[in-house]
Structures are given as structure tokens and as C-alpha cells.
Amino acid sequence: MTLVECEKICKRNCSCIAYTNSNISGTGSGCLLWYGDLVDIRTVPQNGDTLYIRVPHSEIESTGNIKRSGVGRRRIQVIVPVAFVVLITLVSICLFYRFNKKKQQQVRPGNESKSENRSGDEDFELPLFGLSVILEATNNFSLNNKLGEGGFGPVYKGVLEDEKEIAVKRLAKTSTQGLHEFKNEVISISRLQHRNLCKNF
């Protein structure tokens, strides 16, 4: 008897719950049918028979739902960590660019806010001049008006429109000191009182 014939016999009987093609003689000539509970079933590593179990259609659907929900869980287990990593990466990139933008704004001269133009403990303000006024006063930083050179760069003599003489210290591009140190030097010079220095009023 073949396996197909054995399956037909089992399907004709409603109480048949399992069948197999018996391999007693090595050719698979017999058919074994089960009509009660399956008892004493073992897995044989070699030369075993395959047991075919009849299952109601409703159980097959619930098994399919379990498999589908397992696939859904696997998708969630993959999607959530990937989304988390992408979110962390985007936040890190945004913070990096924001930090660099702030850092560049602090380094560039001319981008200072009014609060940076005076120190917290200062009770006076330094006069501010536009670049066009300074260029006109120093004749575009002419070498003829150069008085000397300091740690931050060259110092030029200038004459304002009201005939007031000024000294202009130009921050050199090659200077290793920053804008904060430059401002400190200007403030220090404005506070100096010496017999060879005089304030212009």
C-alpha cells in the first residue's frame, strides 16, 4: 500500500488522527493508522517513518496567526532599534552643526553682540567706529601711517573728520591670540595712566 492510499483511508474515517507508511520490510508496504491519543512518539535520527497528523482547519489558521504575529514581532524588534539609532544619529548631527555654527560666530570679528562689547563689571563703553571711518582715517592702512607693530598686529596713525588723531591697532590674520584677548588689551590701554600717555577728549 502506498502513502497516498494510506492517506485516503485515514481521511475516510473521521476518528483517524494520524497515519504513516510503515517501513517494516524496507519498502514501505504497510499503512499504520491512529484513532486515539498519540502516545509514546519518539524522534528517530535515522531510517524513521514520517508521521502525518490530521489537524482541524481552525487550528491551522491559529497557527498561521501565531506565525504572522511572530513575523510582526521580528519586524518590530528590527525597526525599533534601527529607528532609535537613526534618531540618535540625526540629533547628534544637528547638535554638532549647531555647536560649530555658534563657535564660528564667536570667532569671527564683527559678530559680537552688544553684551560682548562690554564686560559685566565695566562701567564705561569703548567708542566704536565703522570700518569705512577707520579706512578713511588711516588712508586705507597706508604704510606711511604705520607707527609700529605689536603682538596682535600693526598700529596705524589716523585722523578723524573732526581732526582728532587716533591710533588704530589692526588685528593680524596670523595672530595666535583671539578676539577676547584683543579686547582685553584695548580695555587695558584705555585704563592706562602714564606721564607719557594722554587721553584725547
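Values reported hereafter were calculated over all heavy atoms of this structure, with side chains retained and with hydrogens, waters and symmetry mates removed. Nothing fancy with the numbering, it's 1 onward along the sequence.
Among residues two or more places apart in sequence or in another chain, the side chain to side chain donor-acceptor pair (under 3.5 Å) test is passed with Asn139 by none. Residues forming a ring pair (Phe, Tyr, Trp, His ring centres under 6.0 Å) with Phe141 (at least two apart in sequence, or on another chain): Tyr156. Applying the side chain to side chain contact (heavy atoms under 4.5 Å, CB included) criterion to Ile9, with sequence neighbours excluded, gives Met1, Arg12, Leu33. Under the rule for a side chain to side chain contact (heavy atoms under 4.5 Å, CB included), the partners of Ile17 that lie at least two apart in sequence or sit in another chain are Trp34, Leu38. The side chain to side chain donor-acceptor pair (under 3.5 Å) check on Ser15 picks up Asn13, with sequence neighbours excluded. Remark: Val4 pairs with Thr2, Lys8 by the side chain to side chain contact (heavy atoms under 4.5 Å, CB included) rule, at least two apart or across chains. A search for side chain to side chain contact (heavy atoms under 4.5 Å, CB included) contacts involving Asn140 returns Leu135, not counting sequence neighbours.
In this structure, OH in Tyr52 is found 8.5 Å from CD in Glu7, a value given to the nearest 0.5 Å. Rounded to the nearest 0.5 angstrom, Phe129 CZ and Leu160 CG are separated by 5.0 Å. Note that SG of Cys10 and CD1 of Ile53 are 10.5 Å apart. Values are rounded to the nearest 0.5 Å.
For CG of Asp37, the number of neighbouring non-hydrogen atoms (other residues, nucleotides, ligands) closer than 6.0 Å is 12 at most.
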(message) Please determine whether side chain to side chain contact (heavy atoms under 4.5 Å, CB included) holds for the pair Tyr19 and Leu3, giving the CA-CA distance in whole Å, both sets of side-chain angles, and the decisive distance to 0.1 Å.
(response) CA-CA 9 Å; Tyr19 63 92; Leu3 181 63; 4.1 Å; yes

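Val55 and Leu32 fall within a single hydrophobic cluster, where Ile, Leu, Val, Met, Phe, Trp and Tyr side chains are chained together by heavy-atom contacts under 4.5 Å. A continuous path of ILVMFWY side-chain contacts below 4.5 Å connects Ile166 to Leu131, so both sit in one hydrophobic cluster.
Hydrophobic clustering, defined by side-chain heavy atoms of Ile, Leu, Val, Met, Phe, Trp and Tyr closer than 4.5 Å, leaves Val159 isolated from every other such residue. Hydrophobic clustering, defined by side-chain heavy atoms of Ile, Leu, Val, Met, Phe, Trp and Tyr closer than 4.5 Å, groups Phe84 together with Ile88.
Sorted by first and then second residue, the salt bridge (Lys or Arg N to Asp or Glu O under 4.0 Å) pairs involving residues 150-159 (not counting sequence neighbours) are Lys157-Glu165. For residues 82-101, no residue pair satisfies the side chain to side chain donor-acceptor pair (under 3.5 Å) rule, not counting sequence neighbours.
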In residues 146-154, what donor-acceptor pairs under 3.5 Å come from side-chain atoms, sequence neighbours left out?
| residue | atom | partner | partner atom | Å |
| --- | --- | --- | --- | --- |
| Lys146 | NZ | Glu149 | OE1 | 3.1 |

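Pairing each heavy atom of Ala18 with each of Cys16, the nearest pair is O-SG, 3.5 Å.
With hydrogens and angles ignored, the 3.5 Å screen pairs a side-chain donor or acceptor of Asn145 with a backbone N or O of Thr138.
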